[in-house]
2 protein chains.
Amino acid sequence: MTLRQALLALIEAGPTTGYDLAKQFDRSVSYIWHAQHSQIYTELRRLERDGLIASEVLPRGSKELATKRAYRLTEPGAAELVRWVAETETPDGVRDPAYVKSTYLEYGSAAVARAFFRAHRRYYESLRDRYEAHIDELQARATPLLRRRLERAPADSHDAIVAFKVHAYHGMVARARAEIAWANEGLDLVATLDRDAGRGSMLTPRYSD
Amino acid sequence: MTLRQALLALIEAGPTTGYDLAKQFDRSVSYIWHAQHSQIYTELRRLERDGLIASEVLPRGSKELATKRAYRLTEPGAAELVRWVAETETPDGVRDPAYVKSTYLEYGSAAVARAFFRAHRRYYESLRDRYEAHIDELQARATPLLRRRLERAPADSHDAIVAFKVHAYHGMVARARAEIAWANEGLDLVATLDRDAGRGSMLTPRYSD
DNA sequence: AGCTCCATGTAAGTCGTTACATGATTCA
DNA sequence: TGAATCATGTAACGACTTACATGGAGCT
């Protein structure tokens with residue numbers, strides 16, 4: 001139940017088509033909440049069914065053989081957005097595939113463990129870069145989405161709108177850095193274990209008792 | 001596909017019943033990968049269906065009217081564990097409900113934002129404490145699961161087994177600390193915005209264009 | 001007699017993934 | 001004329017959640 005509200009928030013920035021929305025999504029929320037286009041379309045129809053958004057069919061192109069569908073927020077949709085923000089959600093349990101695997105690296109060789117931590121580091125380095133780039137865009141108020149958003153909002157709220165988003169992405173950067181540090185410590189650990197154990201080292205799982 | 005391998009790894013520590021497994025799970029892996037008992041039972045049957053584990057029905061209690069079912073790892077199961085550890089997984093997209101909401105806090109009052117960050121801090125403080133307690137248990141090699149695990153593994157692998165797990169939980173502690181810091185910065189931000197904007201501040205979403 | 005723990009599940013539903021499917025428009 | 005992009009979906013499946021359901025064992 002987060003995709004739902006994220007879409008409401010995107011639509012709040014002004015009417016858009018599903019396709020456009022999906023694109024905006026890809027260059028904003030998706031850094032924090034990943035979703036496929038197919039899911040976005042599905043969710044949009046559900047939102048309309050539930051009366052939180054309404055749509056209008058528009059012609060498309062000069063020949064007008066094609067159409068597109070523009071969505072706008074309804075009053076219940078706006079209310080839902082406010083309700084959701086004020087609601088205290090109990091976070092769902094932690095679930096991190098990489099960390100689970102890291103607790104069982106003894107079933108692999110030192111090379112496997114090294115590859116694991118390197119891949120982890122690489123992944124979070126690229127995430128960090130994307131987050132930092134996005135922060136720059138936000139601070140410059142340069143993204144089309146943010147512009148539309150600010151146009152429709154009172155001027156004295158602009159700072160807050162930008163500041164909350166920047167703060168979120170700062171948090172994501174801090175996270176990415178923590179992951180990079182963790183991966184580096186992991187590499188150090190593998191180096192130590194490898195040295196101490198000689199070449200033999202790691203372990204084979206036993207399949208009977 | 002992580003619950004699957006986590007269960008294999010638990011079973012590798014020696015034959016156990018589903019119920020026991022679920023309990024072990026709750027005091028170990030579940031700190032990193034949350035799962036319900038009902039899901040664990042379902043997954044165990046799937047694992048057996050796929051030949052990765054095998055089970056044996058045992059009597060239970062003195063009257064022996066009841067039974068229980070003990071699972072053990074099969075050879076394909078052990079192979080799957082090794083395969084999984086060596087496999088490079090592409091991390092699934094980020095998906096964090098709290099961070100998404102934090103980018104839209106302007107739709108709530110300053111009080112709402114404050115409550116949000118306080119709840120966030122509280123949650124991660126308690127996580128941090130649990131992780132730290134678990135590290136102590138691991139380092140003392142005190143948990144029943146770890147003991148069974150070490151009993152079955154060659155002595156020269158014990159350090160690695162413990163070290164990888166401790167490293168994982170250190171990472172989780174670092175994460176929790178980062179979240180706490182982020183929440184505190186969030187509270188500072190709210191204080192600043194609230195002061196600057198006077199009492200009026202925050203925003204109402206618009207529901208038409 | 002009653003409570004807590006041991007023990008094992010099913011059923012319905014939601015959320016999300018992967019793969020497929022279709023066709024118009026714009027521009028080089 | 002062909003490629004990229006605009007535009008919108010469906011279908012099948014897998015993972016997970018929530019709620020329900022049952023009953024013996026062990027202890028006081």
Side-chain angles (χ1 to χ4, degrees), chain A residues 1-7 15-27 29-30 32-50 53 55-71 89-97 100 144, chain B residues 1-7 15-27 29-30 32-50 53 55-71 89-97 100 144:
Chain A
M1 287 302 242
T2 293
L3 177 58
R4 206 176 169 71
Q5 288 85 11
L7 290 175
T16 353
T17 66
Y19 182 79
D20 232 55
L21 219 47
K23 270 202 325 183
Q24 313 269 27
F25 192 94
D26 286 346
R27 8 182 96 250
V29 207
S30 84
I32 302 181
W33 191 273
H34 165 80
Q36 309 286 343
H37 287 195
S38 70
Q39 204 193 341
I40 292 175
Y41 280 112
T42 309
E43 192 60 39
L44 284 171
R45 266 171 291 127
R46 281 190 53 199
L47 281 164
E48 188 170 23
R49 186 200 64 195
D50 297 345
I53 60 179
S55 75
E56 192 186 352
V57 174
L58 298 176
R60 175 182 144 225
S62 43
K63 289 168 199 146
E64 309 214 346
L65 292 173
T67 58
K68 56 184 175 182
R69 182 175 291 272
Y71 293 97
E89 291 171 271
T90 54
D92 15 339
V94 190
R95 202 168 270 154
D96 191 308
V100 173
Chain B
M1 288 302 241
T2 292
L3 177 59
R4 207 175 169 71
Q5 288 84 9
L7 290 175
T16 353
T17 67
Y19 182 79
D20 233 56
L21 220 47
K23 270 202 324 182
Q24 313 270 27
F25 191 95
D26 285 346
R27 9 183 95 244
V29 207
S30 85
I32 302 182
W33 191 275
H34 165 80
Q36 309 287 342
H37 286 194
S38 71
Q39 204 194 340
I40 292 175
Y41 280 112
T42 309
E43 193 58 39
L44 284 172
R45 266 171 292 124
R46 280 189 54 200
L47 281 165
E48 188 171 20
R49 185 199 66 195
D50 298 344
I53 59 177
S55 75
E56 190 187 353
V57 176
L58 299 175
R60 176 183 141 226
S62 42
K63 288 169 200 144
E64 309 213 345
L65 292 173
T67 59
K68 57 185 175 180
R69 181 174 293 269
Y71 292 97
E89 292 172 90
T90 54
D92 16 338
V94 191
R95 202 169 270 152
D96 191 309
V100 173

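Hydrogens, waters and symmetry mates play no part in the numbers below; they use all other heavy atoms, side chains included.
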Task: Given C:dT8, C:dT25, C:dT10, the nucleotide with the shortest approach to the side chain of A:Ala66 - done: C:dT25

If the cut-off is 4.0 Å, is [X] near the phosphate of [N], judged by side-chain N/O to OP1 or OP2?
| X | N | answer |
| --- | --- | --- |
| B:Lys68 | D:dA25 | no |
| A:Arg4 | C:dC15 | no |
| A:His34 | C:dT17 | yes |
| A:Arg46 | C:dC15 | yes |
| A:Arg95 | D:dT17 | yes |
| B:Tyr19 | C:dC6 | yes |
| B:Gln39 | D:dC16 | yes |

Open item on the list: Please give me the minimum heavy-atom distance between A:Asp26 and A:Ala35, naming the atom from each residue.
Closed with: OD1-O, 4.5 Å

TODO: Between B:Thr17 and A:Met1, just flag the one whose closest nucleotide in DNA chain C comes earlier from the 5' side.
DONE: B:Thr17

Task: 5'-most by nearest nucleotide on DNA chain C - B:Asp20 or B:Thr42 - done: B:Asp20

Rounded to the nearest Å, what distance is computed from the [atom1] atom of residue [X] to the [atom2] atom of nucleotide [N]?
| X | N | atom1 | atom2 | result |
| --- | --- | --- | --- | --- |
| A:Leu44 | C:dG16 | CG | P | 14 Å |
| A:Arg49 | D:dG9 | CZ | C1' | 16 Å |
| A:Gln36 | C:dC20 | CD | C1' | 14 Å |

Task: CG on B:Leu21 to OH on B:Tyr41, rounded to 0.5 Å - done: 9.0 Å

Open item on the list: Is the shortest side-chain heavy-atom distance between B:Val57 and B:Arg69 below 4.5 Å?
Closed with: yes

Open item on the list: What I want to check is whether an N or O donor and acceptor connect the side chain of B:Ser38 with the base of C:dT8 at under 3.5 Å.
Closed with: no

Open item on the list: Under the criterion salt bridge (Lys or Arg N to Asp or Glu O under 4.0 Å), I'd like the reasoning laid out for B:Arg46 against B:Glu43: C-alpha separation, chi angles, the key distance, then a yes or no.
Closed with: CA-CA 5 Å; B:Arg46 280 189 54 200; B:Glu43 193 58 39; 3.6 Å; yes

